[in-house]
2 protein chains.
Amino acid sequence: MNVDNAKSQMRKGMLDYCIMLLLNEKPYYTSDIIQRLKEANLLVVEGTLYPLLTRLKNDGVLSYEWQESTQGPPRKYYVLTDEGREALSQMDAAWNELESTIHMIKLRV
Amino acid sequence: MNVDNAKSQMRKGMLDYCIMLLLNEKPYYTSDIIQRLKEANLLVVEGTLYPLLTRLKNDGVLSYEWQESTQGPPRKYYVLTDEGREALSQMDAAWNELESTIHMIKLRV
DNA sequence: TATTAATACCTTGTATAACCTAGTACTGTA
DNA sequence: TACAGTACTAGGTTATACAAGGTATTAATA
């Protein structure tokens, strides 16, 4: 059995949630997000992140603001919209449900 | 944003893990598994489960034994192999890692 | 003995859609 | 001009999960 594949399948669909959790703290731009996720042991590359952020923006859960940078071109800082906060709370519920499912199976309840 | 889709994406890849957890208790046949997962709020249908069990068997993590039934045709009871138990412990680790990743992001550690 | 119902097993084809690879292009700075 | 830091995209790969249909065995009944 290819456990690495199993792991990557497990992570599937978590990225959206993780990014929304991050942006619930404060606005971040792409490199920030990659860095923060890396610190939490979630490796993500640009080619993954940009389309995902665009998708979330088109879904209405994110918006962005341009901000000047002291070293280089301006950056897009993404923020969670009101709709995003609402979606996030539903994602929280979904995550809790998933955790509880696993625990139920583990404990034979 | 379609939260239902997000939920189903989150669940992706969890089925393998859940089934291996179940079979770590004792042998089950297909209808048992569907029933047990249902009790844990994980709805699965036959068309999903059969190919999955076959895949896990071909991967060497499961094997099966035929058992007579008192009411109907014989059943295939699936059991976890030694290799399966080893894979399961790695899946446990992967799950714990995922949980910890989410918690790290939530707690801004 | 034939027929039907119930239970079990299984396969094919498709939707989904996430994710990654491998680039391009623009902007500011040295 | 060269370089580094941004932003972005087209195209391909991959695998899960499901819907829908088919086969085989047993039990019950006419």
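Quick note: numbers below take in every heavy atom, side chains included, and nothing from hydrogens, waters or symmetry partners.
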Inset, instruction - To the nearest 0.5 angstrom, please state how far the NZ atom of A:K26 sits from the CG atom of A:L80. - result: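 Reported to 0.5 Å precision, the distance equals 15.0 Å.
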Looking at [N], I'd like to know if its phosphate oxygens (OP1 or OP2) sit under 4.0 Å from a side-chain N or O belonging to [X].
{"X": "A:R55", "N": "C:dA18", "value": "yes"}
{"X": "B:Y50", "N": "C:dT11", "value": "no"}
{"X": "B:N5", "N": "C:dA17", "value": "yes"}
{"X": "B:S31", "N": "C:dA8", "value": "yes"}
{"X": "B:S8", "N": "C:dT16", "value": "no"}

Inset, instruction - Answer yes or no on whether A:K76 is positioned over the face of A:Y29, meaning its NZ or CZ is under 6.0 Å from the six-membered ring centre and within 45° of the axis. - result: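 Not satisfied by the 6.0 Å and 45° rule.
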Measure from the side chain of [X], starting at C-beta and using heavy atoms only, and say which of [options] lies closest.
{"X": "A:V45", "options": "C:dC9, C:dC20, D:dA7", "result": "C:dC20"}
{"X": "A:Q9", "options": "C:dC10, D:dC8, D:dT16", "result": "D:dT16"}
{"X": "A:K76", "options": "C:dC20, D:dC8, D:dA15", "result": "D:dC8"}
{"X": "B:T48", "options": "D:dA17, C:dA8, C:dC10", "result": "D:dA17"}

Inset, instruction - Within residues 10-21 of chain B, find the residues that approach DNA chain D with a heavy atom at under 4.0 Å, and present them sorted by residue number. - result: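 B:R11, B:K12, B:G13, B:L15, in order of number.
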Legend entry - B:K7/A:E97 ion pair, N-O < 4.0 Å: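 Looking at A:E97 together with B:K7, the answer is yes, because their closest N to O distance falls below 4.0 Å.
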Check nucleotides 28-30 of chain C for protein N or O atoms closer than 3.5 Å to its own N or O atoms and list the pairs.
none

Inset, instruction - Quick one: do B:D32 and B:R75 satisfy salt bridge (Lys or Arg N to Asp or Glu O under 4.0 Å)? Show the steps, please. - result: CA-CA 11 Å; B:D32 283 339; B:R75 303 163 173 177; 5.6 Å; no
